[in-house]
Participant: 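There's a structure below that I have some questions on.
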Amino acid sequence: MKEKSLLQELESKFPQLEGKAVIQRARRIFVDHPHDSFYEVFDFSVKNLGCTMLCTLTGIDEDVMLAVIYNLGRDDGILINLIVRVPKEAPILKSVSSYFPNAVLYERELVDLFGMKVEGLPEGYRYPLPDNWPEGQFPLRKDWKQNHDNAGKEVQSDV
Amino acid sequence: MSNVTIPVGPQHPALKEPASFKITINGERIERADVRLGYNHRGVEKACEERNYIQDIYLIERVCGICSHSHSTAFVLAVEEIAAIEVPKRAFYIRTIIAELERIHSHLLWLGVAGHEIGFDTLLMYSWRDREIVMDILNMLTGNRVNYGINTIGGVRRDITPKQAQEILCGIDKLEERTRYYIELATEEVTLINRLSGVGFLSHEDALHLGAIGPTGRGSAVDRDIRRDDPYLSYPELQFKIVTDDHCDVYGRTLVRVGELMESYGMIRQLLQNIPEGPISVKAPRKIPAGRAFSRYEAPRGEDVHYIQANGTDMPERVKLRAPTLANVQSVARMLENSYLADVPIVVASIDPCFSCTDRMISLRTDGPGEKLMSWPELHAFSLDWNRKNRGIDFTNLNKRLIEKKV
Amino acid sequence: MATQLFYLLIFPGFLFLSAFGLFAEYADRKIYARMQNRIGPPWFQPLADFIKLLGKETIIPESADRRIFLLMPVFALTAAVTSFLYIPMWDTHALVSFNGDAIVVLYLLTIPTVTFFLGGWSSNSMYSTIGAVRSITQLFAYEVPLFMGILAPSLLAGTWSLSEISAFYNAHSWYWLVNLPGLAIALIAVQGKLEKVPFDIPEAETEIVGGTFTEYSGRLLALLRMALDVEMVVVASLLAAVFLPFGLGYAPITGFIIYLIKVFFIIFLMALVRTVLARLRIEQMVNFCWKYLAPAGLLQLVVCLFVKGVMLQ
């Protein structure tokens, strides 16, 4: 099975991943991951494991941590999902736009919706929130509730 | 003429949905193009977390008006994977039939839009007339022309009867004949070829580097298609070929889309021939056990990616969707460089953009900078006032006064 | 004096032309729609549009040059109406004629394009400016083939008066056949003058919104659209007079019907051209006009000279 051999390759290069990577089903590999060596694993996956596209970045609010799934795709349809966790207090990531230019928009989404800080993100318009969006409001965090209607009036009741 | 910057969007006749392209031109040539998105962010992902799975299907179906089945199928596939539901084969077949019909309607729609963008309205009228055939079929099968609502967790909600199958085949035959005519048109009509070939060039290397997907990538000879690479639904049982083209321009993308139409007709015939008997759905639990799944789906515009994380309740913990346009936006910026202003509409249209799927939330405003927003009663009062001041017509309580007059 | 006023204001002047223009727009839209497999508008649609536009608010941009912005639609309409006076309809006599009026008509027909340019330029919006530049660029491309196409018949007739041209062809019955290639050239060139597909580049909706007309609204837009309608009738009549000069000299009613048939035939041909073609890019348009249309016009001139030299001796 191709997934197995990929996994073995990954684990032999990074022994700390032993037991952290699972094959969930055919063509889906999930790799849970400590923060420190993440970018080396990422680099290795892109350069040696034949990951040719970045499908998306998914942010998840996990209470004290924010998780980000880097969704790497191979030409034969195998997805390697690298999961990295950063503390909510200081959510700092490094940009991967040098590997995949289209990561820029995905990273901007994380910045706007989760309040991540992405180092090395090129200048540009924000996405997807409007320019006059108030500071410090990150809609996809679990503790965020919408309390304004479309016309900007404050809504009292908790919908 | 020195460099000038032209705004194309957020409101512009060439764009059916809001996006903003700031285009710096020198004469008629484009020097730079900046893309800005996010005008249609509706908060679908957040809203999904606050609703249960069944409600989410209908919400996600409304992410996009054209590829609604794509999004809802990608969603239910992920949920079914987490809950380990054995979906009957017949349900998969029906989903696949709807999926291919949707691709046909989307590609025919695109053909018309492309024609309109280059001022060839006859093509628009013809292809949209023919699109009615497939819309009618979808209406017959699902009860709706768009937003079919046929998916449910564990299967589909409506069966296909033999009589309906017959009608689908009939419609497909007609469409195939018309599509042959469009292929002929695309290869012979001189002004059409002049406006399409060499326009919006995206080299094979750039397409790979920028991650172009769907027909945009296949038009630049990128041989990727989720239906074959990461098969789902009934695609493993079908015979079809991936249409690619090495023109690397809008013309190539047109040929890919028209070619895919022909493939879809073949696929629907196979599906209807081999569709197994049996139930169309199984009962699914309300609460989905904890787990996570990525599902990928080849929508008409390219790959849809959905991620669902379940936490054991009847509401998902996290729903993430990535629509194909988001992956193709950077390719558009590249294609626009060094092309003509006149080509902006067709180049933008050539990725078949769908900005509403791409963005997903409504704006929250406090009293910050920016234009004043009016609520509906305010706008109404403003309009009454304006007419009284400028036209001397008083519309206030018009109905009431009319009734009084009659009495 | 009274008859003069009647001529100018009622028939064949302003009122008749306006009604005719609206009807021609209807015919054009209906034919276009039928060829695209659509139903098309009802007969009163152009009139309804016109009335509706008259009732709409006229917005003048703050940064626009007010005077020119207001004047240009009037100029456009005036020029188009005036040029009609020199064109013979069912007779070999136009209302006004002198030797050289063919050239005057062609120049009068250029004035609307120039006014579109000035109006668009003075409205000071990005889209209008680009539309204005495009309309003037395109003017230089289609004008030469159009002139050559129309002047070839007059060369054969040996006169610069439109009335005398039709008189000549009426007398020498089959010579107009020589000019048929000229008709094709002129038909394509006038698509540019009337800003219709494939040469509707100055007002390409999907690229530059409304082009030169972007900032115009209400009454001013109504006038501009009327000017374009009248221009279409005038151009069709001109082509009918120059290229289809047969069936003249009947009783007024019969003659008028024959004239209408000719005009609507020309309008049908123009609708056909815009049904089957896509819009070109401005540089493709200029290339096409200079590379193919202008040499074809030149060839037509040579043919006419040859015919005149050899056959008419």
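We use all heavy atoms of the structure for the numbers below, so side chains are in, but hydrogens, waters and symmetry mates are not.
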Participant: Looking at A/Y125 and B/V35, what are the two nearest heavy atoms and their distance?
Facilitator: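 It is CD1-O, 3.7 Å.
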
Participant: Taking all heavy atoms of B/D229 and all of A/R27, pick out the closest pair and write down the distance.
Facilitator: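 Heavy atoms of B/D229 and A/R27 come nearest at O-CD, 3.9 Å.
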
Participant: Please check this pair: side chain of A/R28 against backbone of B/A293, looking for a donor-acceptor N/O pair closer than 3.5 Å.
Facilitator: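 Not confirmed, A/R28 side chain does not pair with B/A293 backbone.
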
Participant: Please flag which part of B/Y307 lies under 4.5 Å from any non-hydrogen atom of chain A: side chain, backbone, both or neither.
Facilitator: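 Interface part for B/Y307: side chain.
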
Participant: Distance check, rounded to the nearest 0.5 Å: B/R296 atom CZ versus A/T56 atom OG1?
Facilitator: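 So the gap between those two atoms works out to 11.5 Å.
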
Participant: If only atom types and distance count, is the side chain of B/R318 paired as donor or acceptor with the main-chain N or O of A/D61 below 3.5 Å?
Facilitator: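 Here the side-chain-to-backbone pair does not exist.
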
Participant: Is any side-chain N of the basic residue among B/D230 and A/R74 closer than 4.0 Å to the acidic one's carboxylate O?
Facilitator: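 No salt bridge links B/D230 with A/R74.
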
Participant: Check each atom of B/E49 against the heavy atoms of chain A and say whether the ones under 4.5 Å are side chain, backbone, both or neither.
Facilitator: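 Only the side chain of B/E49 comes within 4.5 Å of chain A.
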
Participant: Determine, for A/E109 against B/R322, whether the closest basic-nitrogen to carboxylate-oxygen distance falls under 4.0 angstrom.
Facilitator: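 Salt bridge: no.
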
Participant: Could you look at B/R228 and say if it's the side chain, the backbone, both or neither that has a heavy atom under 4.5 Å from chain A?
Facilitator: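 Answer is neither: B/R228 stays 4.5 Å or more from chain A.
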
Participant: May I ask you to test the A/Y127-B/V329 pair for a side-chain heavy-atom distance under 4.5 Å?
Facilitator: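 They are not in side-chain contact.
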
Participant: Tell me, for B/R36 versus chain A, whether the close heavy atoms (under 4.5 Å) come from the side chain, the backbone, both or neither.
Facilitator: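 Interface part for B/R36: both.
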
Participant: For A/D143, I'd like to know if atom CG has over 12 heavy atoms of other residues, nucleotides or ligands within 6.0 Å.
Facilitator: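 Enclosed: over 12 neighbouring heavy atoms sit under 6.0 Å from CG of A/D143.
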
Participant: If you count heavy atoms of other groups shown closer than 6.0 angstrom to NZ of A/K94, is the number above 12?
Facilitator: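 Result for NZ/A/K94: open.
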
Participant: Check whether A/R108 gets within reach of chain B through its side chain, its backbone, both or neither, counting any heavy atom under 4.5 Å.
Facilitator: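 Neither part.
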
Participant: Does A/E119 have more than 12 heavy atoms from other residues, nucleotides or ligands lying within 6.0 Å of its CD?
Facilitator: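 Enclosed.
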
Participant: Quick one: CG on A/D75 to CG on B/D223, what's the gap to the nearest 0.5 Å?
Facilitator: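 CG of B/D223 is found 8.5 Å from CG of A/D75.
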
Participant: Where on A/I69 is there a heavy atom nearer than 4.5 Å to chain B: the side chain, the backbone, both, or neither?
Facilitator: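 Just the side chain, heavy atoms under 4.5 Å.
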
Participant: Can you tell me which portion of A/D76 sits under 4.5 Å from chain B's heavy atoms? Options are side chain, backbone, both or neither.
Facilitator: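 Just its backbone gets close to chain B.
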
Participant: Any donor and acceptor pair, going by atom type alone, linking the side chain of B/Q330 with main-chain N or O of A/L105 inside 3.5 Å?
Facilitator: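 No; judged by distance alone, with no hydrogens or angles, the pair does not exist.
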
Participant: When rounded to the nearest 0.5 angstrom, what is the spacing between NZ in B/K46 and NZ in A/K142?
Facilitator: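 Taking NZ in B/K46 and NZ in A/K142, the distance rounds to 6.5 Å.
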
Participant: Kindly indicate whether the side chain of A/I60, heavy atoms from C-beta on, has any atom under 4.5 Å from the side chain of B/K320.
Facilitator: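 Heavy-atom side-chain distance check fails, nothing below 4.5 Å.
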
Participant: Supply the atom-to-atom distance A/T58 OG1 to B/Q309 CD, rounded to the nearest 0.5 angstrom.
Facilitator: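 If we round to the nearest 0.5 Å, A/T58:OG1 and B/Q309:CD are 9.5 Å apart.
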
Participant: Tell me, for B/S295 versus chain A, whether the close heavy atoms (under 4.5 Å) come from the side chain, the backbone, both or neither.
Facilitator: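 Contact with chain A involves the backbone of B/S295 alone.
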
